[in-house]
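Bear in mind the structure is a predicted one, so any value in this text is a computation, not a measurement.
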Amino acid sequence: MPHPAVRRTALLLAATAVAVATAQFPARHPARAQLATARVSAAAADGRHTDLADPHKKEIAMRLVSSAENSSLNWKAQYKYIEDIDDDRGYTAGIIGFCSGTGDMLDLVELYTRRKPGNVLARYLPALRKVNGTDSHKGLGPAFERAWRRAAKDKEFQRAQNDERDRVYFTPAVRQAKRDGLHALGQFAYYDAIVMHGGGDDAASFGAIRRNAMKKARTPARGGDEVAYLNAFLDARTAAMKTEEAHSDTSRVDTAQRVFLKAGNLDLDPPLRWKVYGDSYSIKR
């Protein structure tokens, strides 16, 4: 049984969440509003918040990203994925879209080579260093693609992909989201944004998206409302996506993340149903 003071605090948070959620969903959708406020208030009342780093939530996050990046929920099948998607970043490959033109693919192959010298990708390190920062395939090409798919069968390369995903994308995203006072959905929104836009400070980067969102709404850590802030963040995210032709389809936000937000599902709890590029997906539990 929780301490009375703790329970009073939880109930106050729940009441606040109900008021916020009600403001977000107009009366013309009363059933949707009641469902959303019920989910938010129930989670607030019993304190059952789980971070995205929880193994089950992390699995959900990976499946959500894979639906957008690879049109599949089977993210573990993507270790072997490699192609040029014409986004001026060279090759995009692996479980999180490591790119030959942005440095993260180079870092990955260097890590793999430190752990397993003489692997099938090690011979391409000089070429990867030369094409870094460009969209060039010079010194890579079909032979490199075949080598990547061969390496993807190696558990050591799979572990390297997992570790670099966490170091460069997942862990920084979750850490910043928690500092901003966000629950699992907000943590995922940050993670998905960093995956696509990178963690830099250029006009279409995660850093710029977050700054633009904070101009419109305060983070919960600064006394703002979480739903209002996440709406501002997703607005800034879609604006950034539309600046790049290769990323101009914003359905991974519009018919996925906003669906969860409108349902009041700040903890990203299944069942989840969403669409990306017109394709329907679901996670039942």
Side-chain angles (χ1 to χ4, degrees), residues 24 51-53 61 64-65 67-69 84-92 94 96-108 132-135 164-262 266 268 276-277:
Q24 291 295 320
D51 288 338
L52 202 67
L64 287 168
V65 169
S67 73
E69 294 284 322
D84 189 326
I85 62 172
D86 296 321
D87 63 351
D88 298 323
R89 293 177 173 90
Y91 282 114
T92 295
I96 211 63
F98 300 100
C99 294
S100 59
T102 61
D104 56 352
M105 181 181 286
L106 172 60
D107 289 344
L108 168 62
N132 188 23
T134 76
D135 63 355
E164 282 298 278
R165 169 202 62 199
D166 289 350
R167 182 184 72 85
V168 180
Y169 300 105
F170 188 85
T171 299
V174 172
R175 183 188 301 123
Q176 183 60 65
K178 290 174 71 174
R179 287 174 179 166
D180 287 344
L182 303 178
H183 294 105
L185 176 58
Q187 293 167 26
F188 175 74
Y190 276 23
Y191 173 50
D192 191 61
I194 290 180
V195 166
M196 174 176 284
H197 303 279
D201 287 311
D202 60 77
S205 69
F206 167 75
I209 293 168
R210 179 173 172 269
R211 285 196 304 273
N212 289 336
M214 292 174 69
K215 292 175 184 178
K216 302 293 184 180
R218 290 177 296 174
T219 66
R222 295 188 177 185
D225 167 62
E226 186 166 3
V227 172
Y229 173 73
L230 285 178
N231 271 312
F233 182 84
L234 295 181
D235 287 345
R237 169 81 191 280
T238 56
M241 290 174 70
K242 290 177 180 178
T243 66
E244 299 182 273
E245 184 177 353
H247 297 147
S248 59
D249 186 320
T250 60
S251 60
R252 68 196 291 162
V253 172
D254 301 334
T255 55
Q257 294 173 48
R258 284 202 196 271
V259 171
F260 309 144
L261 184 57
K262 288 178 180 179
L266 298 180
L268 202 61
V276 183
Y277 312 134

Check Thr255 against Val276 and note the closest heavy-atom contact, atom names and distance. OG1-N, 4.3 Å
For the residue pair Gly181 and Ala221, what are the closest heavy atoms and their distance? N-CB, 4.0 Å
For residues Thr92 and Cys99, report the shortest heavy-atom separation together with the two atoms involved. OG1-SG, 3.6 Å
Please enumerate all residues that pass salt bridge (charged side-chain N to carboxylate O under 4.0 Å, His left out) together with Asp84, with sequence neighbours excluded. none
Thr102 OG1 to Asn132 CG distance, which is reported to the nearest 0.5 Å: 7.0 Å
Which heavy atom of Gly199 sits nearest to which heavy atom of Phe206, and what is that distance? CA-CB, 4.3 Å
Stepwise side-chain contact (heavy atoms from CB on, under 4.5 Å) test for Leu266 and Leu261: CA-CA 6 Å; Leu266 298 180; Leu261 184 57; 3.8 Å; yes
Are Arg252 and Arg237 packed together at the side-chain level, in the sense that at least one heavy-atom pair is separated by less than 4.5 angstrom? yes
Who passes side-chain hydrogen bond (donor to acceptor under 3.5 Å, both in side chains) against Asp249, sequence neighbours left out? Ser251
Please name all residues satisfying side chain to side chain contact (heavy atoms under 4.5 Å, CB included) with Asn212, sequence neighbours left out, ordered by chain then number. Lys215, Ala236
To the nearest 0.5 Å, what is the distance between OH on Tyr91 and CE on Met105? 8.5 Å
ring-ring contact (aromatic ring centres under 6.0 Å, His included) pairs, two or more places apart, involving residues 220-252: Tyr190-Phe233
Are Lys216 and Asp235 close enough for a salt bridge, meaning some N to O gap below 4.0 Å? no
Does Arg211 have any side-chain hydrogen bond (donor to acceptor under 3.5 Å, both in side chains) partners at least two apart in sequence or in another chain, and if so, which? Asp201
From Asp86 atom CG to Glu245 atom CD, the distance as rounded to the nearest 0.5 Å: 9.0 Å
Test Leu230 against Arg258 for side-chain contact (heavy atoms from CB on, under 4.5 Å), laying out the working first. CA-CA 9 Å; Leu230 285 178; Arg258 284 202 196 271; over 6 Å; no
Does the side chain of Arg89 reach to within under 4.5 Å of the side chain of Glu244, using non-hydrogen atoms? yes
Looking at Gln187 and Leu182, would you say the former's side chain and the latter's main chain have a donor-acceptor pair under 3.5 Å? yes
For His183, enumerate each residue passing the ring-ring contact (aromatic ring centres under 6.0 Å, His included) test, keeping only those at least two apart in sequence or located in another chain. His49
Report the residues that fulfil side-chain hydrogen bond (donor to acceptor under 3.5 Å, both in side chains) with Asp202, sequence neighbours left out, ordered by chain and then residue number. none
To check you understand the geometry: which heavy-atom pair defines the closest contact between Ala240 and His197, and what is its length? CB-CE1, 4.0 Å
Smallest heavy-atom separation, Ile209 atom then Ala204 atom, equals CD1-O, 4.2 Å
Rounded to the nearest 0.5 Å, how far does CG of Asp51 lie from NZ of Lys178? 4.0 Å
Using salt bridge (charged side-chain N to carboxylate O under 4.0 Å, His left out) as the criterion, list what pairs up with Arg210, not counting sequence neighbours. Asp180
For residues 168-175, run the donor-acceptor check on the side chains, cut-off 3.5 Å, and write out each pair with its distance to 0.1 Å, sequence neighbours left out.
residue	atom	partner	partner atom	Å
Tyr169	OH	Asp104	OD2	2.3
Thr171	OG1	Asp166	O	3.1

Side chain proximity check, Asp192 to Leu64, heavy atoms < 4.5 angstrom: no
Who passes salt bridge (charged side-chain N to carboxylate O under 4.0 Å, His left out) against Asp88, sequence neighbours left out? none
Residues passing the salt bridge (charged side-chain N to carboxylate O under 4.0 Å, His left out) test with Arg218, sequence neighbours excluded, are none
Sequence neighbours excluded, the answer for side-chain hydrogen bond (donor to acceptor under 3.5 Å, both in side chains) partners of Ser67 is Trp274
One pair to check against side-chain contact (heavy atoms from CB on, under 4.5 Å): Ile194 and Gln176. What are the steps and the verdict? CA-CA 11 Å; Ile194 290 180; Gln176 183 60 65; over 6 Å; no
